[in-house]
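Shown next, in structure tokens, is the structure this report addresses.
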Amino acid sequence: REVAPKKKVLLMGKSGAGKTSMRSIIFANYISRDCYHLGPTLEIEHAHVRFLGNIVLLWDCGGQETFMENYMTSQRDQIFKNVQVLIYVFDVESTEIEKDSRNYSGCLEALLQNSPQAKVFCLVHKMDLVQEDKRNSVFEGLVSKINEITRETALRHQIPAYVQCYRSSIWDETLYKAWSAIVYQLVPNVNVMEHKLKQFAEIMDADEVLLLEKATFLVVSRITRREYEDDHRFEKVSNIIKQFKLSCSRMGAQFECIHIKNSDFSAFIDTFTSNTYIMSICDGNVSAAAVAMNIKSARKHFQ
Ligand code: GTP
């Protein structure tokens, strides 16, 4: 029996663009590293992670100049086949815009030829290094350059291409926002999921219910039924759970569910579908057993 090839997410960009830093924040170091052999002379660092189910993350490649130059060799088909998403990182402080543009265009070209259906996202990274009042114009300038390269490359190959750009920095919430927006677009049937989640939140009379992607704890879908002041709560929750999970794994343990309760609220985090955790916030009087039972009965409707 033939096994369906795994879909990949490629994270690319020149050396020093910030890929490793990004990875360790978004995935909190749950990465198994190994080496991916590309013929006798070339070896690239390669790391897998299960992300949204089947996807393997191929952290990339652009680290070495030689590899950048070798994207265009016969090996490129191997890398660019079965790609679901390309996330390309631009360093906003780079002084070699022309070279960066050529590299991006080369990656895009290989992608269009091997995985024409793939989605393309560009992150304009290290935005914290740009003076605050210049950020919008710098970002917009780079975005129009990226759009232009994308259009030209697509025209050359007569394959339609569309790119979405986000600004990011590891020093503020923009990195989390950009990745959440990307993950949100990768979840299949997200509308159906939201509809079901709404029903679930109503049955539970919950204040808020979140579905969190298993590898990153990014919010995949959410229903909010009351006002909250803190707009950064998702990012905070994501970081706290990731750190907790990391502490558990250091002791060789794994958590299945977490219940936090005080007189105001009762928060319950539980494993849900194969790709998600669910987090439900209810009134402080709701019993943990009732929430656990509701989650258990809801699970089969989401699989
Ligand atoms: P290679 O491993 O060579 O491919 O580089 P990389 O793309 O993985 O870059 P890496 O994550 O190693 O980051 C390079 C440098 O940029 C490090 O010193 C980081 O601390 C810094 N850096 C990464 N992200 C940001 C950011 O958002 N803002 C600022 N100011 N620095 C950043």
Side-chain angles (χ1 to χ4, degrees), residues 8-38 42-49 51 56-72 75-76 79-80 83 85-97 99-108 110-111 120-143 146 165-182 215-216 218 232 235-236 238-239 242 246:
K8 287 181 286 201
V9 173
L10 298 184
L11 183 78
M12 294 183 158
K14 72 168 180 135
S15 177
K19 301 178 298 293
T20 312
S21 318
M22 221 177 248
R23 177 187 77 190
S24 56
I25 293 171
I26 297 291
F27 291 91
N29 295 322
Y30 305 125
I31 296 283
S32 66
R33 280 155 185 267
D34 59 17
C35 279
Y36 186 55
H37 298 272
L38 288 174
L42 202 58
E43 203 171 75
I44 58 168
E45 193 188 39
H46 174 227
H48 305 268
V49 67
F51 173 46
V56 168
L57 245 106
L58 177 72
W59 299 103
D60 125 311
C61 316
Q64 302 135 346
E65 285 293 303
T66 47
F67 184 81
M68 250 344 195
E69 281 148 24
N70 277 295
Y71 278 152
M72 302 311 142
Q75 303 291 349
R76 75 171 184 169
I79 302 161
F80 289 95
V83 174
V85 182
L86 166 68
I87 303 173
Y88 198 93
V89 184
F90 281 90
D91 179 346
V92 74
E93 283 275 279
S94 171
T95 50
E96 304 174 305
I97 288 294
K99 192 169 165 202
D100 298 346
S101 303
R102 271 201 308 281
N103 286 337
Y104 167 64
S105 174
C107 284
L108 189 64
L111 184 76
V120 183
F121 298 95
C122 285
L123 297 180
V124 178
H125 193 55
K126 303 194 189 175
M127 284 297 285
D128 58 286
L129 296 176
V130 178
Q131 211 180 298
E132 213 163 337
D133 59 346
K134 298 212 171 93
R135 281 184 197 160
N136 283 342
S137 61
V138 167
F139 177 68
E140 274 151 27
L142 249 164
V143 169
I146 294 168
C165 300
Y166 298 95
R167 63 184 79 192
S168 60
S169 159
I170 56 167
W171 300 113
D172 59 35
E173 77 294 347
T174 52
L175 181 70
Y176 182 84
K177 277 200 174 141
W179 274 83
S180 293
I182 294 172
T216 55
L218 290 163
H232 299 305
E235 184 193 348
K236 290 178 187 165
S238 168
N239 283 336
K242 274 187 285 199
L246 208 56

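All of these numbers come straight from a predicted model, not from anything done at the bench. In each ligand, atom 1 is the first atom listed, and ligand 1 is the first ligand listed. What's counted below: heavy atoms across the whole structure, side chains too, no hydrogens, waters or symmetry copies.
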Part of L129 within contact of ligand 1 (heavy atoms, under 4.0 Å): side chain
Y176 and H232, any side-chain heavy atoms less than 4.5 Å apart: no
Nearest heavy atoms of C107 and M12, plus distance in Å: SG-SD, 3.7 Å
pair Y88-I146: side-chain heavy atoms closer than 4.5 Å: no
Separation between CG of L129 and CE of M127, rounded to the nearest 0.5 Å: 10.0 Å
Atoms in ligand 1 flagged as close to S21, the criterion being non-hydrogen separation under 4.0 Å: 10 (P), 11 (O), 13 (O), 19 (C), 23 (C)
Nitrogen or oxygen of S168 less than 3.5 angstrom from that of ligand 1: no
Heavy-atom gap A17 to ligand 1 smaller than 4.0 Å: yes
Test item: C165 and F90 side chains (from C-beta on) under 4.5 Å apart, heavy atoms: no
Atom of G13, atom of K19 and distance for their closest heavy-atom approach: O-NZ, 2.8 Å
Per-atom contacts of ligand 1 with W171, taking only distances under 4.0 Å to non-hydrogen atoms: 28 (N), 29 (C), 30 (N)
Ligand-residue contact atoms, ligand 1 with D128, heavy atoms, under 4.0 Å: 26 (C), 27 (O), 28 (N), 29 (C), 30 (N)
Short N or O distance, I170 and ligand 1, threshold 3.5 Å exclusive: yes
Heavy-atom closest contact (M22 atom, I170 atom, distance): N-CG2, 4.4 Å
Option nearest atom 24 (N) of ligand 1 (shortest heavy-atom distance, choices K126, M127, H125): H125
Interfacing atoms of ligand 1 (cut-off 4.0 Å, heavy-atom, K14): 7 (O)
